[in-house]
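Lettering follows sequence order; numbering is per chain, from 1. A quick note: this is a predicted structure, and the numbers were derived from the prediction, not measured.
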Number of protein chains: 2
Amino acid sequence: MNGELRSGEVAEAAGVNPQTLRYYERRGLLAEPPRSLGGHRLYPPESVTVLRTIKAAQRLGFTLGEVAELLDLGRRHAHRPGLATRARAKLAEVESRIADLATIAATLRTAIGSGCDDLATCAADPACPIPFADR
Amino acid sequence: MNGELRSGEVAEAAGVNPQTLRYYERRGLLAEPPRSLGGHRLYPPESVTVLRTIKAAQRLGFTLGEVAELLDLGRRHAHRPGLATRARAKLAEVESRIADLATIAATLRTAIGSGCDDLATCAADPACPIPFADR
DNA sequence: TTGCAACCGGTACCCGGGTACGGGGTTAAC
DNA sequence: GTTAACCCCGTACCCGGGTACCGGTTGCAA
């Protein structure tokens with residue numbers, strides 16, 4: 001009897017909504033825990049760490065699907081090094097997203113600097129720097 | 001009779017799915033056009049410009065709700081200058097998003113550099129640079 | 001005039017990441 | 001032994017930005 005936790009306690013400790021535990025279980029991110037005689041989930045304390053791990057990976061930009069894969073990869077110890085490779089790919093994604101946003105920011109700055117005051121007017125004005133053309 | 005367009009033609013010209021026209025109409029982005037006797041929408045050619053304008057604003061990071069507001073603002077000519085103010089606010093949003101992503105990218109680089117190979121292992125290792133702590 | 005493409009409205013579904021609700025069963029403190 | 005708080009499961013809903021499907025009209029050209 002090593003301090004099993006009830007779902008509400010785990011959720012509280014990990015800073016997560018209790019419903020989220022069941023959701024992660026359905027998504028395969030959190031192993032199905034043992035149950036009490038009455039059917040209540042009884043989590044080992046390590047579950048809190050798993051939840052924190054999931055949240056950390058999410059903050060790094062991984063989707064829940066990718067997090068599931070990363071956790072699985074670690075468990076099955078296949079194809080190492082897995083995390084580093086995926087982190088590199090994710091970094092490339094993030095950098096590309098930053099580049100896109102930088103372009104957007106630059107366009108916004110140009111639009112602000114050129115005194116555009118009305119979208120409809122700008123769309124009709126060939127001198128407007130907002131790129132109305134498709135693709 | 002100045003070349004009214006049918007929905008498919010407008011969609012084609014603006015590079016948009018025909019369903020999207022009805023969707024934008026529901027969202028208040030595209031005015032309800034006149035109809036033929038049989039009930040088919042007959043768009044004035046300007047609608048294509050409106051659609052391109054919407055798409056341009058979307059590319060600048062505005063949501064459809066915000067685009068609706070911007071178009072409305074221009075039509076009602078209230079509270080000028082509206083676009084510039086909103087563009088500045090959007091620029092701040094975009095810059096903040098870039099800053100977030102820069103932090104994420106930096107963390108990913110650190111994780112890659114420190115040879116993390118498995119999420120579960122890292123979570124247990126106090127020397128791991130991935131921020132597992134909440135908030 | 002006939003035949004088929006295009007259009008109509010309404011509704012349902014997709015993605016991701018959850019959250020809420022409702023009716024019933026369990027646990028634990030008093 | 002009561003009672004409140006918790007938990008169960010299934011299902012529906014939220015956000016944003018569309019897309020797909022349906023059966024039933026219309027438009028237009030050959």
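For the pair K55(A) (side chain) and F132(B) (backbone), a donor-acceptor distance under 3.5 Å is absent. At least one donor-acceptor pair under 3.5 Å links the side chain of R59(B) to the backbone N or O of P131(A). S96(A) places no side-chain N or O within donor-acceptor distance of the main-chain N or O of A92(A), the cut-off being under 3.5 Å.
The interatomic distance linking E9(A) (CD) with dT26(C) (P) rounds to 19 Å, in whole Å. With rounding to whole Å, E4(A) atom CD is found 13 Å from dT27(C) atom P. Regarding L42(A), its CG atom lies at a distance of 13 Å from the C1' atom of dC6(D), rounded to whole Å. One interatomic measurement links the two molecules: CZ of R35(B) to C1' of dT26(D), which rounds to 13 Å at whole-angstrom precision. Separating the CD atom of E25(A) from the P atom of dC8(D) is a distance of 9 Å, rounded to the nearest angstrom. Whole-Å rounding puts the E32(A) CD to dC7(D) C1' distance at 16 Å. Separating the CD atom of E12(B) from the C1' atom of dC7(C) is a distance of 16 Å, rounded to the nearest angstrom.
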For residues 11-20 of chain A, tabulate all N or O donor-acceptor pairs below 3.5 Å that involve a side-chain atom, not counting sequence neighbours.
residue : atom : partner : partner atom : Å
N17(A)  : OD1  : Q19(A)  : N            : 2.8
T20(A)  : OG1  : N17(A)  : O            : 3.2

Indicate every side-chain donor-acceptor pair of residues 101-109 of chain A with a distance under 3.5 Å to a residue at least two apart or in another chain.
residue : atom : partner : partner atom : Å
T103(A) : OG1  : A99(A)  : O            : 3.1
T107(A) : OG1  : T103(A) : O            : 2.9
R109(A) : NH2  : E95(B)  : OE2          : 2.8

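With salt bridges taken as basic N to acidic carboxylate O contacts below 4.0 Å, one links E93(A) and K90(A).
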Identify the pairs formed between an N or O of the protein and an N or O of nucleotides 17-21 of chain C at a distance under 3.5 Å, and give each distance.
residue : atom : partner : partner atom : Å
dG17(C) : OP2  : L64(A)  : N            : 3.1
dG17(C) : N7   : Y23(A)  : OH           : 3.4
dG18(C) : OP1  : K55(A)  : NZ           : 3.1
dG18(C) : OP2  : Y24(A)  : OH           : 2.9
dG18(C) : OP2  : Q58(A)  : OE1          : 3.3
dG18(C) : OP2  : Q58(A)  : NE2          : 2.5
dT19(C) : OP2  : T20(A)  : OG1          : 2.5
dA20(C) : N7   : Q19(A)  : NE2          : 2.8
dC21(C) : N4   : Q19(A)  : NE2          : 3.3

Atom pairs, N/O to N/O, protein against nucleotides 27-30 of chain D, distance under 3.5 Å?
residue : atom : partner : partner atom : Å
dG27(D) : OP1  : S36(B)  : OG           : 2.6
dG27(D) : OP1  : G38(B)  : N            : 3.1

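L51(B) is not listed as a side-chain neighbour of L29(B), based on a closest heavy-atom distance of 4.5 Å or more. Under the 4.5 Å side-chain criterion, counting only non-hydrogen atoms from C-beta, L64(B) is in contact with Y23(B).
Here the shortest heavy-atom pairing between V10(B) and L5(B) reads CG2-CB, 3.6 Å. The two residues Y43(A) and P33(A) have their closest heavy-atom pair at CE2-CG, 3.5 Å.
Five base pairs at each end of the helix from dT1(C)-dA30(D) to dC30(C)-dG1(D) define two local axes, and these are offset by 20° (rounded to 10°).
Contacts classified as salt bridge (charged side-chain N to carboxylate O under 4.0 Å, His left out) and involving residues 16-45 of chain B (residues at least two apart or in different chains) are given here: E25(B)-R41(B).
Proximity of S7(A) to the phosphate of dC8(D): a side-chain N or O atom is located under 4.0 Å from OP1 or OP2.
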